[in-house]
Amino acid sequence: MLDVKLLRQQPDIFAQCLKVKNYVLDVNEFLFLEAERKAAQTETERLQRERNARSKRIGAAKARGEDIAPLVAEVGDLGARLDAAKERLGQVQARLHDFLQQIPNLPDASVPEGRDEADNVEIRAWGRIPKFNFEPLDHVDLGVAGALDFAAAAKVSGARFVVMKGAVARLHRALTQFMLDIHVAEHGYTEVYAPYLVNSASLYGTGQLPKFAEDHFTVEGGELHLIPTGEVPVTNLYRDVILGAETLPIRHVCHTPCFRSEAGSYGKDTRGMIRQHQFEKVELVQVVAPDASWEGLEELTAHAEAILRRLELPYRAVVLCGGDLGFAAAKTIDLEVWLPGQGRYREISSCSNFLDFQARRMMARFRDPDRGAIDYVHTLNGSGLAIGRTLVAVLENFQDGAGRIHVPDALRPYMGGVATLDLSAGLGLSPPAS
RNA sequence: GGAGGGGUGGCUGAGCGGUCGAAAGCACUGGUCUUGAAAACCAGCGAAGCUGUCAAAGCUUCCCAGGGUUCGAAUCCCUGCCCCUCCGCCA
């Protein structure tokens, strides 16, 4: 949600900024609704004031033991007029609210112009892209002996699901634990366990509603929704909260499954586990004072990058262009990992600064001791990292051409010391030491 | 699933249908006192929005949410949500 007061003052400047996000702000519609709102609100408040004054006089007269009948008669149709005014105000406010809810966040001035992901700008790259003396397989082929079983998942559930078995299932678990441990022990995040089903208010708070209702799953007959990302339950912890300044910055790490309907992505990434209805993610969330959010974005991005570096996975960081930027974000840095099976970089983390956009929607505030005032916090989040895609990256980058996967050093303690996974043996389970 | 109790300001907690946005205490902020601190005492202290160029000032709304009764609702009625206690079931 944007600052309405600022929007009123300079709607044209807002419209100009939103063009970078390919959003057309209907300034005339806004000005019309604002004029309506103002008229309706002043009229309603005027009638309320009159009613209050009259009621107060009746109360006073009654207290003095006087006959209140004439005073009551005098009220006349005030109630009816007030009801009508309230009705009108309610309607225009609802329209205005809807209008404002649909407007995306303003992109930061540093966000490059552009239409789609082809226009994103690389800001750094790390690691060496592996050279193989064989044709690298993608994860689907690497797991074909049974460790990654897409057919079984299709039978049990449908398309866009996976069943992992044996060593790969363990690798998946190991990655999760590894990431959580690093973020907690070394990056100063507090671990959080949160619900996977949330109410609509939470989805409004972080901006998944009202515009993107088709992107997530809603439980039939209920008002609960499967979370599309851990961002939703974790950021909403601070909905309707006024924080003490001393509690900032807040850093949370949370491992959750994520559920996405992937409506509108038919035919896209249908092979393998790049785009699934269900995947796991370790999410980083920060709640900070307004003057600390840009620093926070750099920091949070570096925390996500640290995981890739320790896993020795080559990646690059790109700044999303206006056209590719999400609804609520002012700026987003994507981390893209190299996938030999596809011969290209793929998104594995998305780190965003939302400024006060989410905070405004969810009334997440803090008490600023310097000014003695209450102000909105700034919120940030990023994947640290998406587990499924990290698994794919490990399998594809560390294959040896003979169906074996080299386990990166950092992960071995989480794999019971195992250095190599043999996927050719079916489930990739090492034969028992006999 | 059954029975009962309850949702009031940062917290605890009063509240009669009519100067109640709401007693009191705690916490917090400022002051007096003190070498300093504590204690004591004095004062202040909820949020959102609107009108106003700014400011001064004024107004409206908010006592879980949504309806209703009434000239007037924190207070009465209905519905929903949430919490607590006991019983049952249960990972």
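Order of the sequence lines fixes the chain letters, A, B, ..., with proteins taken first and strands second; residue numbering starts at 1 for each chain.
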Tell me which nucleotide, if any, is Watson-Crick or G-U wobble paired with B/U35 when both distances must be under 3.5 Å. none

Inter-nucleotide P distance (B/G5, B/C62), Å rounded: 28 Å

Could you give the CG-to-P distance, from A/L71 to B/C71, as a whole number of Å? 13 Å

Is the phosphate of B/C82 approached by A/N199 (side-chain N or O, under 4.0 Å from OP1 or OP2)? no

A/R361 side, atom CZ; A/L2 side, atom CG - distance, nearest 0.5 Å: 9.0 Å

Whole angstrom is fine here: how far is it from NZ in A/K86 over to P in B/G68? 9 Å

Assigned partner base of B/A3, Watson-Crick or wobble definition, under 3.5 Å: B/U85

Please confirm whether the backbone N or O of A/E295 pairs with a side-chain atom of A/E298, one donor and one acceptor, at under 3.5 Å? no

So does A/R412 pair up with A/D409, basic N to acidic O under 4.0 Å? yes

For nucleotides 17-19 of chain B, list the nitrogen or oxygen atoms of the protein found under 3.5 Å from its nitrogen or oxygen atoms, one pair per line.
from  : atom 1 : to    : atom 2 : distance (Å)
B/G18 : O6     : A/K62 : NZ     : 3.0
B/G18 : N2     : A/S55 : O      : 2.9

Keeping to residues at least two apart or across chains, list the ring pair (Phe, Tyr, Trp, His ring centres under 6.0 Å) pairs with something in residues 147-173 of chain A. A/F161-A/H277

Please produce a list of atom pairs where a protein N or O lies less than 3.5 Å from an N or O of nucleotides 77-81 of chain B.
none

Heavy-atom donor-acceptor pair, A/N199 side chain to A/S202 backbone, under 3.5 Å: yes

For A/M273, does its backbone N or O pair with a side-chain atom of A/H139 as donor and acceptor, under 3.5 Å? yes

Return no unless some side-chain N or O of A/N52 is found under 4.0 Å from OP1 or OP2 of B/U60. yes

Polar atom pairs (N or O), protein with nucleotides 46-53 of chain B, under 3.5 Å:
from  : atom 1 : to     : atom 2 : distance (Å)
B/A47 : O3'    : A/R365 : NH1    : 3.1
B/A48 : OP1    : A/R365 : NH1    : 3.0
B/G49 : O2'    : A/Q41  : NE2    : 3.1
B/C50 : OP1    : A/R8   : NH1    : 2.8
B/C50 : OP1    : A/R8   : NH2    : 2.7
B/C50 : O4'    : A/Q41  : NE2    : 2.9
B/C50 : O3'    : A/R37  : NH2    : 2.8
B/U51 : OP1    : A/R37  : NH2    : 3.4
B/G52 : OP2    : A/K38  : NZ     : 3.3

Cut-off 3.5 Å, no hydrogens considered: what does the side-chain donor-acceptor table look like for residues 13-23 of chain A, sequence neighbours left out?
from  : atom 1 : to     : atom 2 : distance (Å)
A/K21 : NZ     : A/N105 : O      : 2.9
A/K21 : NZ     : A/G326 : O      : 2.8
A/K21 : NZ     : A/F327 : O      : 3.2
A/K21 : NZ     : A/A329 : O      : 2.8

Donor-acceptor contact present, side-chain A/Q358 to main-chain A/T206, <3.5 Å: yes

When all nucleic acid strands are considered with a 4.0 Å heavy-atom cut-off, which category describes A/R46: base, sugar-phosphate, or nothing? nothing

Taking the P atom of each, how far is B/A47 from B/C11, in whole Å? 13 Å

For A/G79 and for A/Q48, locate the closest nucleotide of RNA chain B by heavy-atom distance; then report the residue assigned to the nucleotide nearer the 5' terminus. A/Q48

Taking atom C1' in both B/U35 and B/C45, compute the distance separating them and give it to the nearest angstrom. 31 Å

Taking the side chain as every heavy atom from C-beta outward, state whether A/F366 and A/D375 have any pair of such atoms under 4.5 Å apart. yes

Watson-Crick or G-U wobble partner of B/G58, both distances under 3.5 Å: B/C50

Is the shortest side-chain N to carboxylate O distance from A/R160 to A/D269 below 4.0 Å? no

When rounded to the nearest Å, what value does the distance between P atoms of B/A3 and B/A74 take? 32 Å

Residues at least two apart in sequence or cross-chain that pass side chain to side chain donor-acceptor pair (under 3.5 Å) with A/E34, listed by chain then number, are A/R8, A/R37

